[in-house]
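Heads up: the structure comes next, in structure tokens.
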Amino acid sequence: MCGTVPVPYDELPVILPLDVTITGRGPSPLKDHPFVNTRCPRCRREAKRETDTMDTFVDSSWYFLRFASPHTSTSPFDKEDVSYWMPVDQYIGGIEHAVLHLLYARFFTKALRDTGLIAHIDEPFKNLLTQGMVCKEVKRCPRCGYLSDEECDDTRCRHCGSEYVRGAVEKMSKSKKNTVDPDSIIERYGADTTRLFTLFAAPPERDLEWSEEGVEGCYRFLNRVWRLVTEHLPAIKDVRPYRGEPELEGFLKEIRHITHRTIKKVTEDIEKRFHFNTAISGIMELVNSLYLWNGDKTGELERRVLRESLETVVILLSPFAPHISEELWQRMGNTTPLYRTSWPQYDPTAVEKEELLIVVQIDGKVRGKLTVPKDATKQKVEELALKEEGITRWLENRTVRKTIYVEGKILNIVTTRR
């Protein structure tokens, strides 16, 4: 009759019972305990205590302080431990955290600071990355409501046979049944594929649209990596990786350039930008380049260069697909576990190209490409271009009026008809 009624001050604090059965399922275990039965402070009639009194975001708004001080037993956290570890270097959370958990965490930190329970920490987190949501198409039956994939048969609801309607791509939600059971994906494709797709499908700040085709594509890529390494095990198993000596030429030099350019890209994408999708894309490009290696792989120098490149693929892939990477690492004859192996450092001299690819345009249209030394002047690039048969034939019956050179990229030749 009285509705929601606060507990009177003279009855605080409310002491919770200790003989509660914790099942880990369903509602609060207090709901089935005699503790919930009480009397209304106003009318004295029988009443029920509210057992859900704390929002989950509030519950977790100080956990980072406990992580900084996990061994303290006499208090939630030790002030000196918190002073040493805080603030947190990087906070990553979904967009809903910006106004809920993040707001509460900042409030708790400032309140604890003002009460002297922690040192003078103005903000709990140094950096914020707001990640996108995982989204999937919604399916709805006109009679049975939202349907999961398991409740759909082609275009019809398996419960009533009605034709279901495909809805918009929305944030995954149990209430809308557009979630994906990770166990079924892992059982079919493996944990590495599931992890790789999640990181590859979109940059972290954008929404990720779940796609079975995308998962399948990542599965095929991991199989390509497996074949690439295992097919070359006989050639690389008994040689040490190339480490800069002797000097390389031709295709071997180009392969090492691609390898170390990939190390640089993947390292910077992970550490500086959190762009795991482009990091994975860089590894894919390196794998494609190694598949195009049609030259000799039997000489010791070739085998050493190949081993360096394959080891690089496996190490760079390990943060995204740790299980297959560790297995391949051991099959390559390495005795130190991959997770204890140092991250590769790129060689600046290998990353820097000695030659440049110049696109040659005639009156704004691409008519050819030209490989020139990296230090070639505009005059030298023009001379080389005008000697190329594929370019000179486009200049027949034309007079060169001027040339426009974008250094290291484009040479545009402007002409008029004779």
Side-chain angles (χ1 to χ4, degrees), residues 1-131 133 170-176 179:
M1 292 180 63
C2 299
T4 302
V5 178
V7 177
Y9 281 107
D10 59 0
E11 294 183 18
L12 294 177
V14 176
I15 306 300
L16 299 178
L18 299 178
D19 58 339
V20 177
T21 302
I22 308 295
T23 65
R25 299 187 302 272
S28 168
L30 289 173
K31 285 187 178 294
D32 297 323
H33 193 279
F35 163 80
V36 300
N37 299 314
T38 185
R39 290 193 173 276
C40 173
R42 290 181 182 170
C43 67
R44 308 309 300 171
R45 295 186 180 184
E46 291 184 355
K48 296 283 187 181
R49 296 186 188 273
E50 175 58 67
T51 56
D52 296 325
T53 59
M54 193 73 77
D55 184 274
T56 54
F57 282 115
V58 177
D59 294 341
S60 61
S61 288
W62 64 274
Y63 65 76
F64 42 86
L65 301 175
R66 180 62 184 180
F67 287 158
S69 182
H71 304 298
T72 303
S73 59
T74 57
S75 60
F77 46 79
D78 180 78
K79 189 174 182 178
E80 291 186 6
D81 289 342
V82 171
S83 297
Y84 178 82
W85 288 107
M86 291 293 291
V88 175
D89 291 319
Q90 181 69 50
Y91 180 102
I92 301 175
I95 188 63
E96 76 277 9
H97 289 68
V99 293
L100 293 174
H101 183 269
L102 181 59
L103 178 66
Y104 292 156
R106 296 181 65 214
F107 171 80
F108 266 62
T109 301
K110 293 175 185 294
L112 291 170
R113 175 204 62 194
D114 292 347
T115 56
L117 293 175
I118 61 175
H120 297 287
I121 302 172
D122 292 327
E123 295 289 349
F125 315 117
K126 287 183 180 180
N127 299 291
L128 168 66
L129 172 63
T130 303
Q131 66 186 21
M133 301 294 181
E170 299 184 26
K171 170 188 170 184
M172 281 193 180
S173 168
K174 288 183 287 186
S175 63
K176 294 184 178 180
T179 58

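For this chain, numbers begin at 1 and follow the sequence in order. Both backbone and side-chain heavy atoms feed into the values below; hydrogens, waters and symmetry mates do not.
Rounding to the nearest 0.5 angstrom, the gap separating the CG atom in L117 from the CG atom in L65 is 10.0 Å. We find the CG-CD1 distance between N127 and I92 to be 10.0 Å, quoted to the nearest 0.5 Å. Annotation: the span from S60 atom OG to R66 atom CZ amounts to 15.5 Å, rounded to 0.5 Å. Rounding to the nearest 0.5 Å places OG1 of T179 at 7.0 Å from CE of M172. Rounded to the nearest 0.5 angstrom, I121 CD1 and K110 NZ are separated by 11.0 Å.
Atom CD of E46 has 12 or fewer heavy atoms from other residues, nucleotides or ligands within 6.0 Å. Within 6.0 Å of CZ on R45 lie no more than 12 heavy atoms contributed by other residues, nucleotides or ligands. In L18, the CG atom is not crowded: 12 or fewer heavy atoms of neighbouring residues, nucleotides or ligands sit closer than 6.0 Å. Residue-environment remark: OH (Y84) stays at or below the threshold of 12 foreign heavy atoms within 6.0 Å. Within a 6.0 Å sphere centred on CZ of R106, heavy atoms belonging to other residues, nucleotides or ligands number 12 at most.
Nearest heavy atoms, A105 versus P124: O-CG, 4.1 Å. Taking every heavy atom of both residues into account, S69 and D78 meet most closely at OG-N, 2.9 Å. The two residues T21 and P29 come nearest to each other via the heavy atoms O-CB, 3.3 Å. Scanning all heavy atoms of the two residues, the minimum distance from A68 to P70 falls at C-CD, 3.6 Å. When all heavy atoms are compared, the tightest approach of S83 to A119 is OG-CB, 3.2 Å.
Although no hydrogens or angles enter the test, the distance criterion places a donor-acceptor pair under 3.5 Å between the side chain of K79 and the main chain of G116. Side-chain atoms of K48 never come within 3.5 Å of backbone atoms of T38 as a donor-acceptor pair (strictly under, hydrogens ignored).
K171 is linked by a side chain to side chain donor-acceptor pair (under 3.5 Å) to nothing, counting only residues two or more places apart in sequence or in another chain. With sequence neighbours excluded, the residues satisfying salt bridge (Lys or Arg N to Asp or Glu O under 4.0 Å) with K126 are D89.
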- request: In sequence, state the C-alpha distance, the side-chain angles, and the governing distance for H33 and D19, and then conclude on side chain to side chain donor-acceptor pair (under 3.5 Å).
  value: CA-CA 9 Å; H33 193 279; D19 58 339; 2.8 Å; yes
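For the pair V88 and M86, the minimum side-chain heavy-atom distance is below 4.5 Å. Residues E123 and T109 form no side-chain contact, since every pair of their non-hydrogen atoms from C-beta on lies 4.5 Å or further apart. Looking at heavy atoms from C-beta onward, F77 lies in side-chain contact with L112 at the 4.5 angstrom threshold. At a threshold of 4.5 Å between non-hydrogen side-chain atoms, the residues P17 and L30 count as touching. Looking only at side-chain heavy atoms (C-beta outward), R49 and V14 come within less than 4.5 Å of each other.
Within the structure, ring-ring contact (aromatic ring centres under 6.0 Å, His included) contacts touching residues 107-126 (residues at least two apart or in different chains) are F64-F125, Y91-F125.
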